[in-house]
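Presented below is the structure to which this report refers.
Heavy-atom basis, side chains included; hydrogens, waters and symmetry copies ignored.
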Amino acid sequence: STTCQNPAAEGGLETSLTKAQVKRGPGWKAQEVVNIREWVSFPQCYFVCYGNVSLAVAHITTYRLPERVVLEPLPEMELGRAYNLTCWVLNVAPVRHLTVTLRLGGRTLHTETFPNHTGAAADDVTVTHEISPRRQ
């Protein structure tokens, strides 16, 4: 939308995304984008008012729920021995926004985040936490 008072002001959207339905009214335009296949995109909205261009850039991040979450089964455990509790989160995006929490009943055993994961595409994540069984 624009605050431009010129009724002839034109607006649009520049993007590599697939555009579909358009709606418009005085001082505004709505552009639907469909079938988003890019993990990260930066569409640019613009209006031209009396020859001056106003521009706004949006940041669109595509998310994918995990295809599968697998908790590796543990063997029969012995007291005092350490075991690795391993969880796989498969085909999830973006990993940098993922939080994996391993819990036992109402108690949190381990939480892991991935803020330094730079890839935007879906990826697999493995989280491992060492546990030692106790009588309580």
Side-chain angles (χ1 to χ4, degrees):
S1 63
T2 182
T3 57
C4 179
Q5 298 302 311
N6 182 354
E10 281 292 320
L13 178 70
E14 294 295 326
T15 181
S16 58
L17 301 174
T18 303
K19 298 183 215 176
Q21 185 177 9
V22 176
K23 293 182 180 180
R24 60 180 53 129
W28 67 273
K29 181 176 182 180
Q31 176 75 64
E32 180 182 14
V33 292
V34 296
N35 203 20
I36 297 174
R37 301 273 186 220
E38 298 175 29
W39 289 109
V40 177
S41 57
F42 300 94
Q44 299 180 356
C45 304
Y46 67 89
F47 263 95
V48 180
C49 180
Y50 298 111
N52 295 317
V53 178
S54 295
L55 182 70
V57 178
H59 179 162
I60 298 175
T61 301
T62 302
Y63 283 74
R64 174 178 283 163
L65 292 174
E67 190 174 282
R68 233 170 97 193
V69 177
V70 179
L71 186 60
E72 182 177 290
L74 289 168
E76 189 172 316
M77 295 187 281
E78 298 174 27
L79 288 175
R81 185 172 167 210
Y83 296 87
N84 282 330
L85 183 59
T86 302
C87 178
W88 292 287
V89 182
L90 306 176
N91 204 21
V92 63
V95 173
R96 72 181 169 279
H97 294 306
L98 178 69
T99 300
V100 176
T101 302
L102 302 175
R103 298 175 57 87
L104 176 62
R107 186 169 60 106
T108 297
L109 299 174
H110 178 73
T111 299
E112 194 164 331
T113 59
F114 308 88
N116 297 325
H117 193 282
T118 56
D123 205 353
D124 297 339
V125 172
T126 303
V127 174
T128 302
H129 177 68
E130 189 176 275
I131 60 171
S132 296
R134 299 177 296 197
R135 287 203 183 273
Q136 67 262 47

Within the side chain of E67, is there an N or O that forms a donor-acceptor pair under 3.5 Å with the backbone of L65? no
Side-chain polar contacts of residues 47-57 - donor-acceptor pairs under 3.5 angstrom, sequence neighbours left out - could you list them?
none

Please assess R96 against T61 for the test side-chain contact (heavy atoms from CB on, under 4.5 Å), listing each intermediate value before the final yes or no. CA-CA 11 Å; R96 72 181 169 279; T61 301; 4.3 Å; yes
For the atom pair [atom1] ([X]) and [atom2] ([Y]), what is the distance rounded to the nearest 0.5 Å?
{"X": "K29", "Y": "S1", "atom1": "NZ", "atom2": "OG", "answer": "13.5 Å"}
{"X": "I131", "Y": "L85", "atom1": "CD1", "atom2": "CG", "answer": "5.0 Å"}
{"X": "W39", "Y": "T62", "atom1": "CH2", "atom2": "OG1", "answer": "6.5 Å"}

Shortest non-hydrogen contact from L90 toward D124: CA-OD1, 3.4 Å
Below 3.5 Å, can you tabulate the donor-acceptor pairs from side chains in residues 19-28 to any protein atom, sequence neighbours excluded?
from: K19; atom 1: NZ; to: L13; atom 2: O; distance (Å): 2.6

CD (E32) with more than 12 external heavy atoms under 6.0 Å: yes
Quick one, I60 and L17 - any side-chain contact, counting heavy atoms below 4.5 Å?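 I60 reaches L17 side chain to side chain.
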Taking V40 as the starting point, is it possible to reach F114 by hopping between hydrophobic residues whose side chains are less than 4.5 Å apart? no
Determine the interplanar angle of the H59 and F42 rings, folded into 0 to 90°, and report it as parallel if under 30°, tilted if 30 to 60°, perpendicular if over 60°. tilted
